[in-house]
S.K.: 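Take this structure first; my questions come after.
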Amino acid sequence: MADIFDVVADATRRDILAVLLERESAVPQSGGEISVSEIVAALGTSQPTVSKHLKVLRESGLVSVREEGQHRYYRLDRAPLETLEDWLIPFMSSDAAADAATLAGVAAQEASLNDDQLAFASAIGKVFADVTQVVKRK
């Protein structure tokens, strides 16, 4: 779980994931694929920077790549995000009894995390809770 948190902790990688998600929604016939040059244009970031972050996303399984000649086409892979979602759901639920039971299992996992990882996980949980509240208001 800590690995996925490390990956999504970087703002540039989150921006890349947002571009991939937008492509998937906006252009369904593309299969969600987008070229590196399109990502570079969308973010206004250098190609080497985007490529470096795409490598991290690819190694974590958050994106997949299709090679066509010298071109690379990336698309979002949601499977690794399910781990993150499973961890976050208890914090977003209004059923306190179920949350307590779920968190009891998470507490055992937390014992193996160091203080930096716990602080980071707490910060991510707060951000997701804040975003959830904003979405619920809309």
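What you see is a predicted model, and the numbers here were worked out from it, not measured in a lab. The basis for the numbers below is simple: all heavy atoms, side chains too, and nothing from hydrogens, waters or symmetry mates.
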S.K.: I'd like to know if Y73 and V56 are part of one continuous hydrophobic network [Ile/Leu/Val/Met/Phe/Trp/Tyr, side-chain heavy atoms within less than 4.5 Å].
M.R.: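 In one cluster with V56: Y73, no.
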S.K.: Rounded at 0.5 Å granularity, tell me how far NZ in K52 sits from CZ in R13.
M.R.: 7.5 Å
S.K.: T45 and V40: which non-hydrogen atoms are nearest, and at how many Å?
M.R.: O-CG1, 3.0 Å
S.K.: Going from OG on S37 to CZ on R72, what distance comes out if it is rounded to the nearest 0.5 angstrom?
M.R.: 12.5 Å
S.K.: At their closest point, which heavy atom of D77 faces which heavy atom of G61, and how far apart are they?
M.R.: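 That would be CB-O, 3.4 Å.
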S.K.: Considering all heavy atoms of both residues, which atom of Y74 and which atom of L20 are nearest to each other, and what is their separation?
M.R.: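 Nearest pair, atom of Y74 first, then L20: O-CD2, 3.7 Å.
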S.K.: Indicate the atoms forming the closest heavy-atom contact of T49 with S46, along with that distance.
M.R.: OG1-OG, 2.8 Å
S.K.: Please report the closest heavy-atom contact between L54 and V63, naming both atoms and the distance.
M.R.: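 In this case the closest contact between L54 and V63 is O-CG2, 4.0 Å.
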S.K.: Using side-chain heavy atoms (C-beta onward) and a distance below 4.5 Å, is D15 in contact with V19?
M.R.: no
S.K.: Without swapping roles, check the side chain of R14 against the backbone of A9 for a donor-acceptor pair under 3.5 Å.
M.R.: yes
S.K.: Quick one: does R75's side chain have a donor or acceptor within less than 3.5 Å of a partner on G32's backbone?
M.R.: no
S.K.: Are side-chain heavy atoms of L21 and R78 found at a separation under 4.5 Å?
M.R.: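 Yes - at least one pair of side-chain heavy atoms lies under 4.5 Å apart.
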S.K.: Measuring from L57:CG to L17:CG, what's the distance to the nearest 0.5 Å?
M.R.: 5.0 Å
S.K.: Count the heavy atoms of every other residue, nucleotide or ligand shown that sit under 6.0 Å from CD of E22, and state whether that count exceeds 12.
M.R.: no
S.K.: Using every non-hydrogen atom in the two residues, find where P80 and S60 come nearest and quote the distance to one decimal.
M.R.: CG-O, 3.8 Å
S.K.: How many angstroms lie between NE2 in H53 and OG1 in T12, if you round to the nearest 0.5 Å?
M.R.: 4.0 Å
